[in-house]
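Structure, as structure tokens:
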Amino acid sequence: MKLFINGNHLDLEGAETVEDMLLELKLANKGAIVELNQEILDKSAHAQTRLSNGDKVEIVHFVGGG
Amino acid sequence: MLKIGSYEFQSRLLLGTGKFPDFDIQKKAVDISETEILTFAVRRMNIFDPEQPNFLEKLDAKRFTLLPNTAGAKTAEEAVRIAKLAKASGLCDMIKVEVIGDFTTLLPDPVETLKASEMLLEEGFTVLPYTSDDVLLARKLEELGVHAIMPGASPIGSGLGIVNPLNMSLIIEQANVPVIVDAGIGSPADVAIAMELGADGVLLNTAVSGAKDPVKMAEAMKLAIQAGRLGFEAGRIPKKRYATASSPLEGMSV
């Protein structure tokens, strides 16, 4: 699956869903929040949401801040 | 008791989580401060580093109410997007609206802050706007229905304390929602002054994380909150130009 993630072109084999993608990036269960083609996904939707070639993905999380 | 929207807190100290020397010091500082509300920022993950620390785990964040900010936003629309990203974590519905209009002073853009607050209220967020210490702006934010007003004491990270105590006290006096003094705090004295003015709480970060001993400073801030609040409730004496003796003037043995 060819994806554009956080400004990087990546080819993740077998990443059919958002959850697959996070597993492949080893970022599952690390508090990742995902925006797919400018649509923000609830965490509960990660497993069902399917990816397509060329999808634009933003993966964010909480960091320290005031 | 501090009530913000449907939330209730014993502590009146809100603590930011930026720029601590390390996670261990941060956790100790957070623990000793007895804060119940922690602020965070939302940023891109490093997708090439599976070992990056999970901030929430390190802080045992489940014990706290999370108050993510929209820092980095320059427009209302950007702030709304960041707020929605934060909410999609499923961990919080509170948001600190922070729309910066100038990158030298980091002062908030009042027009965009007002706009973002209105949009986020419509989306059902618990909205706490970080705002300048403008009395009329604070009133307009309250009229929109925000759940607390967070006027800055002075520019973010400046440590200058409350540079306009008159405005701050006018904001506090007119408000019917909690007023939380946010940004610019430098020392426990600044916190005590804010609380003596009648603020409902104080949000600070750099004053603790940048202190020589952050853990000790976190404790000092907790005590300053308590001292200032007690002082406010007790009602201070009026200031006078000349002396009034505290010892009796009668019965002198001369």
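Treat the numbers as computed from the prediction; the structure is a model and nothing was measured. Because only heavy atoms are used, hydrogens play no part in the values below, and waters and symmetry mates are left out as well, while side chains stay in. Convention: sequence-line order gives letters A, B, ...; per-chain numbering from 1.
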What part of L85(B) is in contact with chain A, defined as an atom under 4.5 angstrom from a non-hydrogen atom: side chain, backbone, both or neither?
-> both

Side chain / backbone / both / neither for L15(B) at chain A, heavy atoms under 4.5 Å = neither

Could you look at [X] and say if it's the side chain, the backbone, both or neither that has a heavy atom under 4.5 Å from chain B?
X: L25(A); answer: both
X: L41(A); answer: backbone
X: I40(A); answer: side chain
X: N8(A); answer: side chain

Is E77(B) salt-bridged to K115(B), cutoff N-O under 4.0 Å?
-> yes

In plain terms, say whether E35(A) and R81(B) are close enough for a salt bridge, that is, a side-chain N and a carboxylate O under 4.0 Å apart.
-> yes

Give a yes or no answer on whether the side chain of E98(B) reaches the backbone of A73(B) with a donor-acceptor pair at less than 3.5 Å.
-> no

Shortest non-hydrogen separation from N46(B) to L27(A) and the atoms involved | O-CD2, 4.3 Å

Given side chain to side chain contact (heavy atoms under 4.5 Å, CB included), test T17(A) with Q48(A) step by step and report yes or no.
-> CA-CA 7 Å; T17(A) 67; Q48(A) 299 94 316; over 6 Å; no

Can you tell me if CG on D11(A) sees more than 12 non-hydrogen neighbours from other groups inside 6.0 Å?
-> yes

Which residues from residues 21-41 of chain B are near chain A, with near meaning under 4.5 Å between non-hydrogen atoms?
-> T39(B), F40(B), A41(B)

Check whether any side-chain heavy atom of P188(B) sits under 4.5 Å from a side-chain heavy atom of M217(B), and report yes or no.
-> yes

Side chains of M221(B) and L204(B): closer than 4.5 Å at any heavy-atom pair?
-> yes

If you tally heavy-atom pairs under 4.5 Å against chain B, which of V34(A), L22(A), I5(A), I59(A) wins?
-> I59(A)

Donor-acceptor pair between T113(B) and D109(B) side chains, under 3.5 angstrom = no

Checking K96(B) against Y130(B): charged group under 6.0 Å from the ring centre and within 45 degrees of the axis?
-> yes

Heavy atoms only, distances under 4.5 angstrom: which of P50(B), G16(B), P68(B), S209(B) has the most pairs with chain A? Name it, please.
-> P50(B)

